[in-house]
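Chain letters run A, B, ... following the sequence lines, proteins first and then strands; every chain starts at 1. Side chains included, hydrogens not; waters and symmetry mates left out as well; all remaining heavy atoms used.
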Amino acid sequence: MSNAQASFEYLAVLALTLVILIPSVYIFYNQSRMSKEEVVDSQINSIGKEIIDNAKFVHYSGEGSKITLDVEIPSGVDSIYVVGGRELVFDLDLSIGKTQVVFFSEIAELEMTPLESPFGAMRIEILAYIDASKSYKVKLVKK
Amino acid sequence: MQKKSQASLEYLTTYAWAFLIIITIIGVVYYLDLLDFQRFLPQKCTFSSQFPCQDFSVGDGELKVKILNSIGGNIYIKSLEISNKESPRLVCTQTYLNTGSGEVLFPPPSDPLWNAGKEIDIRFAGCSGGGYLKGDRVEAVVAIGYYSLETANPPTAETTHLTKGRIIATVRGS
């Protein structure tokens, strides 16, 4: 009789534990997945603004001026490139699908070799120079 | 010998009964929809920080969302789409957009201008499928295609960008 009681109590405790554990794990997993993407967005926002602001500073500082930035690119970034000399674009691949984060620059002389699958710590050099066609440019280079 | 075999058989039979009871309980719980943990998740509208979601509502066959232009420049809206990963997917038959000068059916004859710092109201009407049922939790992805004429006029495929946001809400209904 006491064996049966012990077995039943064991099963009851196990069932109660699973009832509490499984929904909690599901909820926390969902929350952390969405929070992670919000963190990525926040990081990208910070990096993009930093690059654009420093590019503008280098531009107005004149030819030969240079700034080096150390940034941490989060996972989920497919590529980083410049469009039309004034848009810094981050292509992202997140759980909602492929999306883009774009930063508009006040200057229109940005150029950059596209970075594919960038991830992790990265050093970016922002350099103002005159190119072969005598045009004033601000170049973003990964070091 | 007989006692050992009897003990073994009783052991196996006991386990079989226990397994049968557990499976029956799981089936009943699943049938009564007690395993729907999504109802415990908060309602959310998440877009990128460049286009923060100001407000949203889901119900009466519609999905409405209010978004702010924080990208730092005037842009033109090229496309508005809504979908999700359910089967069948969420489909809305009509899209309306209000950039501040009245609600118009999207797409209008020319791409509407979205000024920097201004809000737009997007209304997806005639929504069905994809879990869009009264009282149920629906997850929808809204995609906005846009471009800036300051980069290129006319815009090209390269200067037209896509931003996506997610809305998770319980469908209201009357």
*Look at atom CD of Glu150(B) and say whether more than 12 heavy atoms of other residues, nucleotides or ligands are closer to it than 6.0 Å.*
no

*Calculate, to the nearest 0.5 Å, the distance between atoms CD and CZ belonging to Glu37(A) and Arg166(B) respectively.*
5.0 Å

*Taking Ser48(B) as the fixed residue, which of Val102(A), Leu94(A), Asp41(A), Val40(A) is the one that meets the side-chain contact (heavy atoms from CB on, under 4.5 Å) rule?*
Asp41(A)

*asked:* Tell me whether Tyr147(B) shares a hydrophobic cluster with Leu97(B), the cluster being built from Ile, Leu, Val, Met, Phe, Trp, Tyr side chains joined at under 4.5 Å.
replied: no

*Within the side chain of Gln50(B), is there an N or O that forms a donor-acceptor pair under 3.5 Å with the backbone of Val101(A)?*
no

*Using non-hydrogen atoms and a 4.5 Å limit, figure out which bit of Val89(A) sits close to chain B: side chain, backbone, both or neither.*
side chain

*Is there a path from Ile51(A) to Ile71(B) through hydrophobic residues (I, L, V, M, F, W, Y) whose side chains come within less than 4.5 Å of each other?*
no

*Going by heavy atoms in the side chains, are Leu162(B) and Lys98(A) under 4.5 Å from each other?*
no

_Less than 4.5 Å to any heavy atom of chain B: does that hold for the side chain of Tyr81(A), its backbone, both, or neither?_
neither

*Any link between Ile77(B) and Ile167(B) through a network of hydrophobic side chains (Ile, Leu, Val, Met, Phe, Trp, Tyr) touching at under 4.5 Å?*
yes

*Kindly give the heavy-atom pair with the smallest separation between Arg86(A) and Thr151(B), and that separation in Å.*
NH1-OG1, 2.9 Å

*Identify the heavy atoms of Lys164(B) and Thr99(A) that sit nearest to each other, and give their distance.*
N-OG1, 3.0 Å

*Select one option (side chain, backbone, both, neither) describing which atoms of Tyr146(B) are under 4.5 Å from chain A's heavy atoms.*
side chain

*Check Ser95(A) against Lys85(B) and note the closest heavy-atom contact, atom names and distance.*
O-NZ, 2.6 Å

*In terms of heavy-atom pairs under 4.5 Å with chain A, which of Gly165(B), Gly72(B), Ser148(B), Gly73(B) leads?*
Ser148(B)

*Drop me the distance from Leu11(A)'s CG to Ile21(B)'s CD1, to the nearest 0.5 angstrom.*
9.5 Å

_Let me confirm one number: the CD1-OG1 distance from Ile96(A) to Thr163(B), rounded to the nearest 0.5 Å._
7.0 Å

*asked:* Using a 4.5 Å heavy-atom cutoff, which residues in residues 115-141 of chain A come close to chain B?
replied: none

*Flag yes if Ile144(B) and Val58(B) sit in one hydrophobic cluster, no otherwise; membership is Ile, Leu, Val, Met, Phe, Trp, Tyr, and two members link when side-chain heavy atoms are under 4.5 Å apart.*
yes

_Hphob cluster co-occupancy, Val104(B) + Val142(B), side-chain heavy atoms under 4.5 angstrom_ = no

